[in-house]
S.K.: 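Below: one structure in structure tokens.
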Amino acid sequence: IMVFLATLYQSQHYFHLAVSLLEPALPASQQKLGKDNQTTLRISNLLVSSYARLNQYKQAVTIGVQTLALNLSVFGDRHIESINLQANLGAAYLFLGQLDEAESLLTNAWGLKKETLGEDHPETLASANDLALLYQEQGRYLLAVSMFKEVITRKQTALGKLSPRLIPSLSNLAGLYALQGQQELALKTYQQATELSQKIHGDNHPETLKSQVNLAVQYMAQHRFSHAETVLINVVNTYNQSLGETHTETLIGLNNLASAYIGQNKLKQAEAILLKLKAHYDSSGADRLKIITVLNDLGHLYHQQHRYPLAEEFYLRKRSIQQSVLGNMHADTRSSNTQLAALYFEMKLPEKAEALFDKVLANTRQYISNQFSNAMAQEIKAYVQLSSRSDSFYFTLFLTHPSPQNSQRAYNLLLDRKKDFLYLNLQKNLPHDSLNAEQVQTALQDNVLVEYYLYQPYSPTQTKPWQPVHILATVINKE
């Protein structure tokens, strides 16, 4: 009965109710029936999937790792319980940023589902979608796009062109286009998802409203904030009437509306919404990840207004939650450190800023080293990560504090980034072990010096200001 009721709650997306049943039931079943009993394992598997859908990924991984071997032993590797556990555990690792572990589990789950359920089964396609999300996180964008498109094509063939299962797939593809900088293609794909949902569900259905929120977010990415505001006001009003003011979807719509106001410099309206959301999340004790966006937006708003102590307060609280839930190595946590460092620059606290920059780069390099055994994947990830915002902040550090130490730091960063990029391109034609780092450095030296001197106003070895045009001409003549 317990398993049936928890499954029913899951099917209705009441995952918190499922967890409230399953958490006390698991130790009781382990004690009464044994850890390797099939009912006990089904309870633990349901708990893993419920935790994952509530963004409680660490809890999902803890239980999943403990019971995976037992599932394989009791049910066998081709049983749907074992396969689904691998899929859910892999998804949890993915959102925690542990990509090697995620790739192994998700690839295996997808392969087993193809064998046991068929390539066009909805569960198989769901695993293919998760694998595409993994490729996206790894920076393997072409492979991710190909996978998303294949999922959409197979869903259209198996389920029809008006299947509601197409809507999230289109949204995922649109999100990847946006990540690649293909903003118009992203907008067009989000519009397709919205129009499809309107045809299937109608204008006021929750799925249609979710698609409209995605569309509004894309408008904001293109700085079309007034378009986003119009869409979001309609969404929020509809959610208020149909779901209530405190429903999760209503709150998400409000948060995005505040972002649209910030984009139009309507800061009072934005602040009123964000403080209301913060008060709700604080009082309700909701999932801590849900408040991160609110804290980020409040910090950004106060940062924009030069109200630095308040900005720091909300940025620090956001980072603390990310460290607790996601860990120090997660990309979101590292991004928060970069954000704080930028704030400290403006607060004229260069020592705190430098310390955070060093931490960001050290964590990024360790993350790359830990997560990628494949040499080519490592080059890709290195280029994606090291050409991020931390680069520009390091140059800001140099420009505002042009000491010899910071000059060398900026130069080394440029050289590393260009070396990663060159490796990435040469790898297409040469085996990895034939690339000589010293030769690469020599080939890049003049090019890096040009870019470096254009960034910097002072010589790391001389006291007089550089003349960038003269130096550029000298380097070109040397080549």
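Just so we're clear, the structure is a prediction, and the values are computed from it rather than from any experiment. Values below: every heavy atom of this structure, side chains too, minus hydrogens, waters and symmetry copies.
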S.K.: How long is the straight-line distance from CD of Gln98 back to OH of Tyr93, given to the nearest 0.5 Å?
M.R.: 6.0 Å

S.K.: Does a donor on one side chain sit under 3.5 Å from an acceptor on the other, for Lys35 and Thr40?
M.R.: no

S.K.: Are any of the side-chain heavy atoms of Leu134 and Gln138 separated by less than 4.5 Å?
M.R.: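 Yes, close enough: below the 4.5 Å cut-off.
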
S.K.: Short question: side chain of Ser146, backbone of Leu143 - any donor-acceptor pair under 3.5 Å?
M.R.: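 Answer holds: no.
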
S.K.: Take Leu243 and Thr238, measure what side chain to side chain contact (heavy atoms under 4.5 Å, CB included) needs, and give me the verdict at the end.
M.R.: CA-CA 8 Å; Leu243 301 176; Thr238 305; over 6 Å; no

S.K.: Is there side-chain contact between Tyr315 and Ser336, with at least one heavy-atom pair below 4.5 Å?
M.R.: no

S.K.: Can you tell me if Lys188 has over 12 outside heavy atoms packed within less than 6.0 Å of its NZ?
M.R.: no

S.K.: Does the salt bridge (charged side-chain N to carboxylate O under 4.0 Å, His left out) test come out yes or no for Glu271 and Lys268, once each step is laid out?
M.R.: CA-CA 5 Å; Glu271 183 178 17; Lys268 287 186 177 180; over 6 Å; no

S.K.: So, does Asn71 use its side chain to make a donor-acceptor pair with the main chain of Thr67 at under 3.5 Å?
M.R.: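 Looks like yes, one N/O pair under 3.5 Å.
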
S.K.: Closer than 3.5 angstrom, by distance alone: can the side chain of Ser283 be matched with the main-chain N or O of Ala279 as a donor-acceptor pair?
M.R.: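 Side chain of Ser283 to backbone of Ala279, a donor-acceptor pair under 3.5 Å: yes, one is there.
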
S.K.: Hey, is Arg317 close enough to Glu312 for a salt bridge, meaning N to O under 4.0 Å?
M.R.: no

S.K.: Quick one: pull up CG in Leu26 and CZ in Arg42 and give me the separation to the nearest 0.5 Å.
M.R.: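 Atom-to-atom, Leu26:CG and Arg42:CZ are 14.5 Å apart.
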
S.K.: List the atom of Gln304, the atom of Ile262, and the distance in Å for their closest heavy-atom pair.
M.R.: OE1-CG2, 3.6 Å

S.K.: Do Ser259 and Asp297 have a side chain donor and acceptor closer than 3.5 Å?
M.R.: yes

S.K.: CZ/Arg319 to CZ/Phe314 distance, rounded to the nearest 0.5 angstrom?
M.R.: 16.0 Å

S.K.: If we only count heavy atoms from C-beta on, is the Leu170 to Phe148 side-chain gap below 4.5 Å?
M.R.: no

S.K.: Would you name the heavy atoms of Gln86 and Leu105 that are closest together and state the gap between them?
M.R.: O-CB, 3.6 Å

S.K.: Apply side chain to side chain contact (heavy atoms under 4.5 Å, CB included) to residues Leu274 and Asn255 and explain how you reach the verdict.
M.R.: CA-CA 7 Å; Leu274 292 170; Asn255 203 156; 3.7 Å; yes

S.K.: Check Leu106 against Ala91 and note the closest heavy-atom contact, atom names and distance.
M.R.: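 Where Leu106 meets Ala91 most closely, the heavy atoms are CD2-N, 3.8 Å.
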
S.K.: Of the non-hydrogen atoms in Ala311 and His303, which two are nearest, and what is the gap between them?
M.R.: CB-N, 3.6 Å

S.K.: Can you measure from CD (Gln305) to CG (Leu267) and round to the nearest 0.5 angstrom?
M.R.: 5.0 Å

S.K.: Step by step, work out the side chain to side chain contact (heavy atoms under 4.5 Å, CB included) result for Tyr239 and His247.
M.R.: CA-CA 8 Å; Tyr239 274 142; His247 192 277; 5.8 Å; no

S.K.: Over all heavy atoms of both residues, which pair between Ala174 and Thr189 is shortest? Give the atoms and the distance, please.
M.R.: CB-CB, 3.7 Å

S.K.: Taking the side chain as every heavy atom from C-beta outward, state whether Asn296 and Gln339 have any pair of such atoms under 4.5 Å apart.
M.R.: yes

S.K.: I'd like to know if the side chain of Glu245 pairs up with that of Asn240 as donor and acceptor (distance under 3.5 Å, no hydrogens or angles considered).
M.R.: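 No, no side-chain donor-acceptor pair sits under 3.5 Å.
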
S.K.: Please check if any side-chain donor atom of Gln136 sits under 3.5 Å from a side-chain acceptor atom of Asn172, or the reverse.
M.R.: no

S.K.: Do Met220 and Asn256 touch side chain to side chain, with heavy atoms closer than 4.5 Å?
M.R.: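 Touching, per the 4.5 Å side-chain cut-off.
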
S.K.: Any donor-acceptor pair under 3.5 Å linking the side-chain atoms of Ser127 with those of Lys113?
M.R.: yes

S.K.: If I compare all heavy atoms of Leu22 with all of Ser50, which pair ends up nearest, and what's the gap?
M.R.: CD1-OG, 4.1 Å

S.K.: Are any non-hydrogen side-chain atoms of Lys352 and Met347 less than 4.5 angstrom apart?
M.R.: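 Side-chain contact under 4.5 Å: no.
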
S.K.: Determine whether a donor-acceptor pair (N or O, by modelled atom type, separation under 3.5 Å) exists between the side chain of Ser104 and the backbone of Asp100.
M.R.: no

S.K.: May I ask you to decide if Leu316's main-chain N or O and Ser320's side chain share a donor-acceptor pair within less than 3.5 Å?
M.R.: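 No, because the side chain of Ser320 does not come within donor-acceptor range (under 3.5 Å) of the backbone of Leu316.
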
S.K.: A side-chain contact here means heavy atoms from C-beta on lying under 4.5 Å apart; do Gln222 and Gln218 qualify?
M.R.: yes

S.K.: For the backbone of Thr194 and the side chain of Ser197, can you confirm whether one donor and one acceptor N or O come within less than 3.5 Å of each other?
M.R.: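 Side chain of Ser197 to backbone of Thr194, a donor-acceptor pair under 3.5 Å: no, none is there.
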
S.K.: Checking side chain to side chain contact (heavy atoms under 4.5 Å, CB included) for the pair Glu23/Tyr51: CA distance, chi angles, key distance, verdict?
M.R.: CA-CA 10 Å; Glu23 282 184 333; Tyr51 278 144; 2.4 Å; yes

S.K.: Mind checking the CE-CH2 spacing from Met147 to Trp110? Nearest 0.5 Å is all I need.
M.R.: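 Output value for this atom pair is 4.0 Å.
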
S.K.: Quick one: pull up CG in Asn45 and CG in Leu89 and give me the separation to the nearest 0.5 Å.
M.R.: 10.0 Å

S.K.: Checking side chain to side chain donor-acceptor pair (under 3.5 Å) between Glu229 and each of Gln264, Gln269, Arg224, which is the one that passes?
M.R.: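 Filter result, single survivor: Gln264.
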
S.K.: List for me each residue that meets side chain to side chain contact (heavy atoms under 4.5 Å, CB included) alongside Thr107, sequence neighbours excluded, and say none if there are none.
M.R.: Glu103, Leu131

S.K.: Could you tell me if the side chain of Gln180 sits less than 4.5 Å from the side chain of Val145, heavy atoms only?
M.R.: yes

S.K.: Looking only at the aromatic ring of each residue, does the gap between the centers of Phe225 and Tyr219 stay below 6.0 angstrom?
M.R.: no

S.K.: Would you say Ser324's side chain and Ile321's backbone share a donor-acceptor pair under 3.5 angstrom?
M.R.: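 It does not hold such a pair.
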
